[in-house]
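Start at 1 and go down the list; that is how both ligands and their atoms are numbered. By convention here, the first residue in the shown sequence is residue 1.
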Amino acid sequence: MAEDELEKEILEWAKKYAREHGWTLNPDEKKLDVVIRGLARNRKKFGEAYCPCRLRTGDAEKDALIICPCVYHKDEVANQGSCHCSLYFRTDAGERK
Ligand code: SF4
């Protein structure tokens, strides 16, 4: 699969996932693009869409925690308004500024 097709697939999946949780994706398209590209790169290189904003340890069991959507993202969205990579946003996050 061409990388851009994989990026599209991941973007569509992320949009659906955000919708299902009542969130949105980063409204800044450039930043969104960087994360989507990072996820696609990791999927291609390592076989899993590891979080592009976290360090892999090389230990498959530990690294499973940071396959997107990582184990941390729900708390981060709830508490900080977005996940660590700024992929998923709480819809009211912008209103808190
Ligand atoms: S921080 Fe966001 S982009 Fe990174 S793995 Fe977690 S949910 Fe995915």
Side-chain angles (χ1 to χ4, degrees):
M1 188 182 282
E3 190 141 276
D4 56 348
E5 281 200 21
L6 183 57
E7 284 171 24
K8 268 189 234 156
E9 183 191 306
I10 289 176
L11 179 62
E12 286 313 308
W13 169 83
K15 275 186 195 163
K16 185 166 173 269
Y17 186 81
R19 234 181 359 250
E20 284 167 3
H21 289 81
W23 304 329
T24 56
L25 297 185
N26 194 333
D28 182 325
E29 282 195 18
K30 278 192 187 152
K31 288 186 185 154
L32 174 62
D33 211 49
V34 170
V35 180
I36 296 294
R37 249 185 285 147
L39 288 168
R41 200 179 316 119
N42 283 344
R43 166 92 75 80
K44 215 167 182 202
K45 203 163 169 189
F46 304 110
E48 298 286 1
Y50 291 112
C51 184
C53 317
R54 299 180 196 273
L55 289 178
R56 283 174 311 103
T57 64
D59 175 328
E61 209 170 300
K62 282 188 191 147
D63 290 345
L65 303 179
I66 60 161
I67 294 172
C68 190
C70 62
V71 293
Y72 312 105
H73 76 292
K74 284 187 181 164
D75 281 348
E76 290 171 343
V77 173
N79 298 327
Q80 296 154 34
S82 65
C83 72
H84 184 53
C85 275
S86 301
L87 175 61
Y88 297 114
F89 272 70
R90 224 173 47 209
T91 39
D92 64 347
E95 292 161 20
R96 296 177 3 125
K97 279 180 195 155

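- Counting only heavy atoms of the protein, atom 8 (Fe) of ligand 1 lies nearest to Cys68 SG, 2.4 Å.
- Atom CD of Glu61 sits in a sparse spot, with 12 or fewer heavy atoms from other residues, nucleotides or ligands closer than 6.0 Å.
- Of all atoms in ligand 1, listed by their number and element, those nearer than 4.0 Å to a heavy atom of Cys85 are 1 (S), 2 (Fe), 3 (S), 4 (Fe).
- At a threshold of 2.8 Å, atom 8 (Fe) of ligand 1 has no backbone or side-chain N, O or S atom of His73 nearer than that distance.
- If you check which protein heavy atom lies closest to atom 2 (Fe) of ligand 1, you get Cys83 SG, 2.4 Å.
- Hydrophobic clustering (side-chain heavy atoms under 4.5 Å, transitive across Ile, Leu, Val, Met, Phe, Trp, Tyr) keeps Val34 apart from Leu25.
- When each of Lys31, Arg37, Lys30 is checked for a side chain to side chain donor-acceptor pair (under 3.5 Å) with Asp33, only Arg37 meets the rule.
- Contact annotation: His84 places no N, O or S atom under 2.8 Å from atom 2 (Fe) of ligand 1.
- Ring geometry, Tyr50 versus Phe46: the interplanar angle exceeds 60°, so the pair is classed perpendicular (tilted spans 30 to 60°).
- Under the side-chain contact (heavy atoms from CB on, under 4.5 Å) rule, Trp23 has a single partner from His21, Arg19, Glu20, which is His21.
- Here the protein heavy atom with the shortest distance to atom 4 (Fe) of ligand 1 is Cys51 SG, 2.4 Å.
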Pair Glu48-Arg56, salt bridge (Lys or Arg N to Asp or Glu O under 4.0 Å): steps then yes or no = CA-CA 11 Å; Glu48 298 286 1; Arg56 283 174 311 103; over 6 Å; no

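- Shown in contact with Leu87 at under 4.0 Å from a heavy atom are these atoms of ligand 1, numbered in order with element: 3 (S).
- The closest protein non-hydrogen atom to atom 6 (Fe) of ligand 1 is Cys70 SG, 2.3 Å.
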